[in-house]
Amino acid sequence: MKEKIRVRFAPSPTGPLHIGSLRTAFFNYLFAKKNNGKFILRIDDTDKKRYIKKSINYILDTFKWCNIKYNEGYNKKGKYGPYIQSKRLKIYKKYLKYLIKKKFVYYAYDNKKDILLYKKKNKNFLYNSINREKLNNSINKKNKKIKKKFVIRLKTPKNKNIIFNDKIYGKIKINTNELDDKIIFRSNNTPTYHFANVIDDHLMKITHVIRGKEWIYSTPIQIILYNYLKWKIPNFIHLPLILNKKKGKISKRFYKKKKNNLIIYPIKSKYKSIKINNSFEENGYLPESLLNIIFLLGYKNINKYEILNLKQMIKLFSIKNINKSNIYFNYKKASWINKKHIEKNKKILKNIIYLKLKKKIKKKFNKKILKKIVNSIFNRLYFINIKNIWNVCYYFFKKPKKYIFNKKLKKTIINNKKKIIKFFLKIFFLFKKIKKNIYIKKFFNKLSLKNKKNFFFKLKILRLSIIGSLKGIEIIKIINFIKKKEIIKRIKYFIKNNKLLFTNTKFRKNII
RNA sequence: AGCCCAUUAGUCUAUAGGUUAGGACGUCAGAUUUUCAUUCUGGAAAGAGGGGUUCAAUUCCCCUAUGGGCUGCCA
């Protein structure tokens, strides 16, 4: 009978979860889904010093936002609980006793300062089989005469090659002489990660350990523990890391230290203790497209289709297709992927955009026109957040303060002042006398037949005067969506505020 | 400093020893759209360097370089 696949994501609550960890969680989820297995969420909170309140909540919020569901774990019922390590002390102690009895571990009474000194003297100092006897501070039995604090360290064997087969990296060989006798139990009566992790993974019947590559070097320590306990060693799958350009792996600490605007966190935080100044959510990324982006990172996508929904990702997922090398995040590709997902969800998103705009405008605005505006700006949105929505359509709601154009256009304007003013006057005439848009279209059509180049230029000027920029939706739509009075106002304002362009023109006075 | 891992265009990736080294994003140019955006067409752009093995190496081996990880009573 085939063994039931069980995987776990085991974050430590030391701050918010970034995309690197989200990717680890997601790949665990995908692996479980793909293989009809179970996905477990365990909280590895053995480090009390670095504990940050509400970290767990942030993780749960992120899972919810992304639609990642776990079968067992924190806040859920399950056979193998509790799923939070700080509540499992009794269990750890039981196995610790066994290890002490078998002399696989030992008490160490060193001063921290002494060890630091050794390390200063010799950079490559290791607290291992070679040194532990020299130091003379370590013993197999608890020494009741010494009142000093002690820790419990793992006995690493002398000069043994530990070999394991990583599902991504292949055969990895590490000699035990390169390993420290890791502390597995602290002086404050708590287990460290390595110990708690092995116990829990075994008791929770984890079959595949999928985690970041930074763990590869500590895998042999865990294997030694598995061997001492005579337990079956799970499959190891180490994922390559996502890097910041030239700044090392993405980490909470890095993000704190250097004020940078790189987006690495999925969602915004509801909690005071979790401070995030930028997130994918706030930047208008859709949950599914963030998963798609993460999925594609360092992934051999044999299928040529890159825009995938959750179902498709589950179908396509395979450990074999994960690459080995480090990954640099490409935000431009990410925004393209997001745009494609936006296009896929047109109906729902249009309504959301409409509501967001309505909220932003505050004033009463014609509903029909607002809906039309949403329709016509939709295909130029890369992100669904008010900042980006506003950037694409602000000009419908307020007159321009600045006019952005290039030197070439400036020259052409100066050379053709009279023509432009004439053109504006014609438009005023049309707007005042004829209210129907059909006639305006006809007028444009006539103009376009006369001289195309000239006409293009005139349209650019018209656009510039109305919206202050050369970029925007179709000019006819702009005219349709803004009230005629307002357009006239704006053109006049344009001429007034660009005296340098329109000096000494008779018509200028006429207009103003 | 030691150990572990990686290295194909700016970024992600294809090639299971034999290809004009393919694709995606980006970038540049052109076409369509009366202007903008979309869309379409096309261009530039890569095997880190040096040795082997082989009839043949991007692919296998070694060295160097570069990048990353680990060397915490952090996880």
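Because only heavy atoms are used, hydrogens play no part in the values below, and waters and symmetry mates are left out as well, while side chains stay in. Treat the numbers as computed from the prediction; the structure is a model and nothing was measured. Order of the sequence lines fixes the chain letters, A, B, ..., with proteins taken first and strands second; residue numbering starts at 1 for each chain.
B:C25 is paired with B:G10 under the criterion used here, namely a Watson-Crick or G-U wobble arrangement in which both key atom distances are under 3.5 Å.
Each of A:F396, A:Y395, A:Y403 was compared with A:I467 under the side chain to side chain contact (heavy atoms under 4.5 Å, CB included) criterion, and only A:Y395 meets it.
Going from the P atom of B:U11 to that of B:C5 covers 24 Å, rounded to whole Å. When the P atom is used for both B:G23 and B:A46, the distance is 14 Å, rounded to whole Å.
For A:S325, whose side chain is taken as the heavy atoms from C-beta onward, the closest listed nucleotide among B:U38, B:A75, B:A6 is B:A6. Side chain of A:L243, nearest nucleotide from B:C4, B:G68, B:C74: B:G68. When the nucleotides B:U11, B:C4, B:G69 are ranked by their closest atom to the side chain of A:L241, B:G69 comes out on top. Checking B:A75, B:C5, B:A24 against the side-chain heavy atoms of A:K213 singles out B:C5 as nearest. Of the candidate nucleotides B:G69, B:U13, B:G2, B:G69 has the atom nearest to the side chain of A:E214. Minimum atom distance to the side chain of A:W336 is reached by B:G26, of the listed B:C3, B:A75, B:G26.
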Exercise. Check the pair A:R42, A:D201 against salt bridge (Lys or Arg N to Asp or Glu O under 4.0 Å), reporting the backbone distance first and the verdict last.
Key: CA-CA 10 Å; A:R42 186 179 72 218; A:D201 281 351; 2.8 Å; yes

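Here A:E306 pairs with A:K333 in a salt bridge; the nearest charged N to carboxylate O distance falls below 4.0 Å.
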